[in-house]
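Below: the structure, in structure tokens.
Every chain is numbered from 1, with letters handed out A, B, ... down the list of sequences.
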Number of protein chains: 2
Amino acid sequence: MVQTRREKLRETTVEEIKAVARRQMGEQGGANLSLRAIAAEMGMSAPALYRYFDNRDKLVTALIVDAYNSLADFMVASTGQIANDAYGKLFLAKCLAFREWALFNREQFILIFGTPIPGYHAPPEITTPAAWRSNSQFMQILDDAWKAGRISIPTEYQGLTSPLHLKLVEIFKQRDYDMPAPLIHIAMAGWGVIQGLVSLELYGQMDYFGESDTALYQLECIAYLKRLGLET
Amino acid sequence: MVQTRREKLRETTVEEIKAVARRQMGEQGGANLSLRAIAAEMGMSAPALYRYFDNRDKLVTALIVDAYNSLADFMVASTGQIANDAYGKLFLAKCLAFREWALFNREQFILIFGTPIPGYHAPPEITTPAAWRSNSQFMQILDDAWKAGRISIPTEYQGLTSPLHLKLVEIFKQRDYDMPAPLIHIAMAGWGVIQGLVSLELYGQMDYFGESDTALYQLECIAYLKRLGLET
DNA sequence: ATAATTTAGCTAACAATGTTAACTAAAGCA
DNA sequence: TGCTTTAGTTAACATTGTTAGCTAAATTAT
């Protein structure tokens with residue numbers, strides 16, 4: 001598929017629109033990104049943007065997909081130096097990368113994990129695969145560690161079964177993750193902790209606990225891994 | 001402080017405005033609450049609302065405070081039948097109440113814990129005390145249980161210290177919570193888990209794991225309590 | 001009771017927003 | 001060269017929050 005000159009120009013314009021949108025979100029904050037403001041900064045009229053995105057929601061969706069990919073790339077890059085079987089170290093590095101990306105890409109994090117923009121609902125068939133790219137990285141490590149026999153499931157999780165667990169196992173099998181129910185449960189809980197702590201910190205809901213600090217977050221990640229028998 | 005007739009009328013109008021706002025948020029969804037729509041439903045003109053709230057943000061703040069109080073009340077009511085020293089049961093009941101309130105008051109939950117409404121920033125001096133009313137309930141139980149010697153701090157947390165921990169201890173002392181650093185840490189992590197899991201569920205970020213279910217959440221709460229040596 | 005004042009509401013208007021319609025000029029292709 | 005597609009324009013509409021200026025009612029003071 002060769003790109004014609006026109007297609008190339010079009011693509012750079014699309015990228016510029018998204019870049020300007022991201023910058024403006026970062027500056028004047030959050031969800032009130034304005035097509036008109038974007039157009040103005042680019043020196044063109046607002047309706048011209050409709051040549052590139054059907055409507056505002058399509059633009060938002062594109063930004064969300066980009067954000068997911070940016071996060072996923074950042075997480076992948078964070079484990080470059082670490083041995084493939086140092087599961088605890090790998091997991092911790094990705095946890096810290098997750099938070100770091102969130103802090104340095106506030107608006108994009110909010111775009112992904114925060115309240116949907118007013119009136120906007122993400123089309124799952126587009127955003128779900130993009131989302132999976134980042135959070136499956138945690139799953140992957142746990143799966144690898146499990147297969148290598150390095151994970152010990154804490155007693156409080158052993159023997160816990162429910163219809164939901166069986167269903168979860170099925171869903172994960174479809175994605176080639178052959179993990180026992182308690183481990184899936186642990187993984188999801190971990191995901192909840194990570195996302196929850198970062199969200200609390202980012203939304204300022206932890207402000208009355210004092211200023212933000214890596215230490216608390218890191219300690220919690222380490223504690224989580226220790227519980228699974230993974231050293232860092 | 002006797003209320004004059006005028007003040008009473010005014011108060012009922014204020015309450016009606018908030019009620020209509022809540023209903024409309026619940027119906028047509030989230031953050032796009034419209035002063036004009038509220039006014040229209042109440043059979044008055046939009047500018048009339050400015051007699052009751054200086055601007056939209058003030059209205060939002062009032063809704064947030066109400067939401068916090070509603071949540072706090074619901075949590076308080078959830079433990080009516082439970083013995084004062086059944087700490088695990090108390091904590092679990094409040095956890096379940098938290099999620100239940102969130103599911104049945106979606107928009108209000110989002111208002112509190114989600115991304116701030118576009119352009120809106122909550123004044124901390126008003127919202128923080130209201131927030132504390134709900135989440136201190138978790139703290140209170142842990143504090144009571146700790147003083148009763150019923151909590152055993154897991155090994156992975158013991159001996160973890162940091163400047164942040166010392167600061168946290170100070171902050172909590174100011175609020176009359178005399179808890180050791182690791183316990184505070186555990187409490188905050190628990191808060192992260194609870195809020196994180198409910199958020200994930202509510203924002204549909206867990207949809208690819210299957211439909212929502214009380215079981216997963218409840219199991220995670222129980223596991224958390226077990227880790228502290230609290231039976232449910 | 002009458003006069004003064006405060007309050008609750010109105011309409012009109014302004015500056016934004018997303019979006020559509022109708023049109024123009026340029027680029028690419030037969 | 002002529003036809004079609006594309007990128008852009010301006011004008012306009014229906015929304016939004018908000019301010020200004022006015023009216024009529026309710027309360028308070030004389």
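- Remark: Thr13(A) is not in phosphate contact with dA7(D), judged by side-chain N or O atoms under 4.0 Å from OP1 or OP2.
- Taking the nucleotide of DNA chain D with the nearest heavy atom to each of Gly43(A) and Ala37(B), the more 5' of the two is matched to Gly43(A).
- As a whole-Å value, the separation of Tyr52(B) OH from dC10(C) P is 10 Å.
- When each of Ile194(A), Ile186(A), Leu219(A) is paired with Tyr224(A), the side-chain contact (heavy atoms from CB on, under 4.5 Å) condition holds for Ile186(A) and for no other.
- Taking side-chain N and O atoms only, Ser34(B) has a distance below 4.0 Å to OP1 or OP2 of dG17(D).
- Of all the residues in residues 14-21 of chain A, not one reaches under 4.0 Å from DNA chain D with any non-hydrogen atom.
- Ion pairing between a basic and an acidic side chain is recognised when a charged N comes within 4.0 Å of a carboxylate O; Arg10(A) and Glu7(A) show no such pairing.
- Map Asn55(A) and Ala46(B) each onto its nearest nucleotide of DNA chain C; the residue landing nearer the 5' end is Ala46(B).
- One atom, CD of Glu11(A), and another, C1' of dT6(D), lie 17 Å apart when rounded to the nearest Å.
- Side chain Arg51(B) to base dG9(C): a donor-acceptor pair is found below 3.5 Å.
- For the residue pair Gln218(A) / Thr214(A), no side-chain donor-acceptor distance below 3.5 Å is found, with atom types taken as modelled.
- Which of dT19(C), dA7(D), dG9(C) sits closest to the side chain of Arg10(A) comes down to dA7(D).
- When the C1' atom of dG9(C) is taken as reference, atom CG of Leu9(B) falls 14 Å away, rounded to whole Å.
- Across all strands shown, Ala48(B) has heavy atoms under 4.0 Å from sugar-phosphate atoms exclusively, and none from any base.
- Between Phe91(B) and Phe138(B), the angle of the ring planes lies from 30° to 60°, which puts this pair in the tilted group.
- Distance NZ (Lys58(B)) to C1' (dG17(D)): 15 Å, rounded to an integer number of Å.
- Each of dT11(C), dG17(D), dT9(D) was ranked by its minimum atom distance to the side chain of Ser45(B); first place goes to dT11(C).
- With no hydrogens or angles considered, a side-chain donor-acceptor pair links Gln140(A) and Tyr177(A) at under 3.5 Å.
- Following rounding to the nearest Å, Tyr50(A) (OH) and dA12(D) (C1') show an atom-to-atom distance of 14 Å.
- Closest to the Pro47(A) side chain, of the nucleotides dT18(D), dA8(C), dT9(D), is dT9(D).
- Distance, Met44(A) CE to dT10(D) C1': 15 Å, rounded to whole Å.
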Evaluate the criterion ring-ring contact (aromatic ring centres under 6.0 Å, His included) for residue pair Tyr217(B) and Phe98(B); output intermediate values, then yes/no.
CA-CA 11 Å; Tyr217(B) 179 77; Phe98(B) 179 83; 7.7 Å; no

Residue pair Lys18(A), Glu15(A): steps toward the salt bridge (charged side-chain N to carboxylate O under 4.0 Å, His left out) verdict:
CA-CA 5 Å; Lys18(A) 291 191 293 185; Glu15(A) 287 307 316; 3.2 Å; yes

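- One finds no salt bridge joining Arg175(B) and Asp143(B) here, because no Lys/Arg side-chain nitrogen approaches an Asp/Glu carboxylate oxygen to under 4.0 Å.
- For the pair Arg36(B) and Arg6(B), nearest-nucleotide mapping onto DNA chain C gives the more 5' position to Arg6(B).
- Look at CG on Leu49(A): it is 15 Å from C1' on dT6(D), rounded to the nearest Å.
- Glu7(A) has its CD atom 15 Å from the C1' atom of dA7(D), to the nearest Å.
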